[in-house]
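Working notes, beginning with the structure itself.
In each ligand, atom 1 is the first atom listed, and ligand 1 is the first ligand listed. Residue numbers start at 1 and run along the sequence shown.
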Amino acid sequence: MDTMIETRGLTKEFRSGKKTVTAVKDLDLHIATGEMVALLGPNGAGKSTALRMLTTLLAPTSGSAYVAGYDVTSDQHAVRRAIGYIGQGNSAGHAQRVNDELVASGRAYGLSRAGSRARADELLESLGLTEQATQKVMTLSGGQRRRLDIAMGLIHSPGLLFLDEPSTGLDPQNRANLQQHVVDLRRKHGATVVLTTHYLEEADSLAERIVVIDHGQVVADDSPAALKSRHAGDRIALTFAGPDEAARAAQRAAAAHPAAQVVQDGTAVDVQVAGGAAMVTGFLADLASSGLAPATVEVARPTLDDVFLALTGRSLREGRTDIRTDARTDITEEVAA
Ligand SMILES: Nc1ncnc2c1ncn2[C@@H]1O[C@H](COP(=O)(O)OP(=O)(O)O)[C@@H](O)[C@H]1O
Ligand SMILES: [Mg+2]
């Protein structure tokens with residue numbers, strides 16, 4: 001397969017006063033033509049910064065990046081012509097009419113007036129915005145607005161599309177619609193798609209390949225299925241009558257299974273461990289010997305959040321407390337998610 005994106009040691013540092021933040025560190029990325037890749041990571045991981053370098057909006061501090069065969073540093077115009085970019089901010093002007101804004105954007109990419117109009121009509125139709133075509137951008141709902149952003153990024157039928165958190169701010173219905181459009185448009189145009197997200201389910205369902213990023217660095221890069229089978233064990237999910245019982249059970253589980261990831265959230269306790277399904281009986285007997293009886297017990301296959309937890313010791317979901325026990329020093333640390 002052809003190479004669409006190739007980065008080597010791509011790094012971005014931000015300096016404010018004496019402080020230096022390394023937003024992206026030594027990113028080596030190889031993305032083939034036609035791939036659909038999700039960059040997954042928590043807020044502040046460096047996803048947007050990586051995308052902004054690949055789309056020439058930010059200059060790298062060091063390292064190199066080739067996008068569609070062009071150097072992002074020395075050949076910015078060629079890169080921009082080759083890509084569509086749907087950023088986190090809104091790209092359309094508020095007082096403009098939807099249709100005009102879209103046609104103008106096509107013209108800016110070098111389409112003829114007639115060609116740009118035809119393409120705008122086609123996109124408005126396929127994104128369910130035909131009825132809004134003559135409305136001003138500021139009158140659109142959040143979901144319509146986001147779909148207009150998508151149309152803006154697709155007006156010139158880019159072979160390579162970057163989407164930065166495309167679903168953020170959308171309700172579940174519109175999120176599903178948008179995801180379907182991305183899948184369809186990719187099928188029709190055979191485009192390469194790189195998206196960022198902190199929605200685990202979105203990454204799991206949309207992407208064939210997931211690059212997990214944390215603190216500006218790649219911590220894993222594989223298909224969702226391979227990541228799950230390699231990095232996360234089965235999960236035993238328990239609930240207890242009260243948080244005190246849950247806390248005792250969590251401590252007990254961490255002590256009995258040093259290799260396990262143990263997470264307590266209120267009355268819920270999750271124990272993540274390789275071969276966990278086979279351990280359930282013994283585990284419950286151990287709890288019972290301490291006078292702890294769970295109200296419910298469930299055994300589940302790993303999710304991408306489990307993968308992230310296994311790789312970083314933190315959860316991508318908010319409001320969870322991760323309790324890890326270091327077997328050698330017997331220190332229990334609590335890490336706020
Ligand atoms: N323009 C900027 N100036 C200074 N720091 C920045 C700037 N943009 C991003 N950062 C910092 O870089 C890190 C990565 O940010 P970002 O790429 O936006 O992460 P993500 O998109 O994964 O949430 C964060 O620590 C953020 O505060
Ligand atoms: Mg971001």
Side-chain angles (χ1 to χ4, degrees), residues 5 7-29 31 36-65 67 72-73 76 79 83-92 142 145-146 149-150 152-153 160-170 175 178-179 182 193-204 206-207 209-222 224 227 304-305 307-309 311-320 335-337:
I5 296 171
T7 75
R8 289 267 165 79
L10 191 64
T11 298
K12 181 69 192 182
E13 290 173 355
F14 291 108
R15 286 193 193 86
S16 53
K18 283 181 196 158
K19 262 184 76 183
T20 300
V21 176
T22 306
V24 173
K25 190 168 193 245
D26 283 332
L27 182 66
D28 293 331
L29 206 54
I31 294 177
M36 175 139 192
V37 179
L39 306 185
L40 176 72
N43 278 326
K47 305 181 297 296
S48 294
T49 302
L51 237 53
R52 289 168 66 75
M53 285 192 283
L54 295 176
T55 54
T56 76
L57 297 171
L58 271 179
T61 306
S62 59
S64 65
V67 172
V72 297
T73 305
Q76 297 187 2
V79 171
I83 65 173
Y85 170 64
I86 297 155
Q88 277 186 296
N90 293 319
S91 41
R145 183 68 207 242
R146 202 63 193 135
D149 284 340
I150 303 282
M152 301 272 290
L160 172 57
L161 180 63
F162 293 96
L163 299 129
D164 199 0
E165 306 261 359
S167 296
T168 297
L170 294 188
R175 194 176 297 167
L178 175 59
Q179 290 176 4
V182 172
V193 178
V194 180
L195 65 88
T196 72
T197 187
H198 60 258
Y199 289 109
L200 302 150
E201 292 78 9
E202 181 165 85
D204 206 346
L206 275 181
R209 181 175 154 201
I210 294 179
V211 177
V212 183
I213 296 187
D214 192 29
H215 300 303
Q217 287 185 288
V218 174
V219 293
D221 178 353
D222 216 327
L227 286 176
L304 283 179
D305 191 45
V307 172
F308 191 79
L309 186 58
L311 287 167
T312 68
R314 290 176 297 119
S315 173
L316 269 178
R317 297 194 196 286
E318 282 158 44
R320 297 196 352 180
V335 184

_Heavy atom of G44, distance to ligand 1 below 4.0 Å_ = yes
*For atom 19 (O) of ligand 1, which of G46, S48, G41 has the closest heavy atom?*
G46
_I'd like to check atom 27 (O) of ligand 1 in this structure: does the protein have a heavy atom lying under 4.0 Å from it?_
no
*So, the side chain of T61 versus the backbone of E13: is there a donor-acceptor pair under 3.5 Å, distance only?*
yes
*Indicate yes or no for a side-chain donor-acceptor contact from K47 to the backbone of I213 under 3.5 Å, with no hydrogens or angles considered.*
no
*Among all protein heavy atoms, pick out the one at the shortest distance from atom 3 (N) of ligand 1; state its residue, atom name and that distance to 0.1 Å.*
F14 CD2, 3.4 Å
*asked:* Regarding atom 15 (O) of ligand 1: of the candidates D164, T49, T197, V21, which has the closest heavy atom?
replied: T49
*Any idea which protein heavy atom is nearest atom 12 (O) of ligand 1, and the distance to it?*
A23 CB, 3.2 Å
*Main-chain N/O of D164 paired with T196 side-chain donor or acceptor, under 3.5 Å*: no
*Indicate yes or no for a side-chain donor-acceptor contact from T20 to the backbone of R15 under 3.5 Å, with no hydrogens or angles considered.*
no
*In Å and rounded to the nearest 0.5 Å, what is the CE to OG1 distance from M53 to T73?*
9.5 Å
*Backbone N or O of P166 within a donor-acceptor pair of the R146 side chain at under 3.5 Å?*
yes
*Does T196 bring an N, O or S atom to within less than 2.8 Å of the Mg ion (ligand 2)?*
no
_P42 to ligand 1, any heavy atom closer than 4.0 Å_ = yes
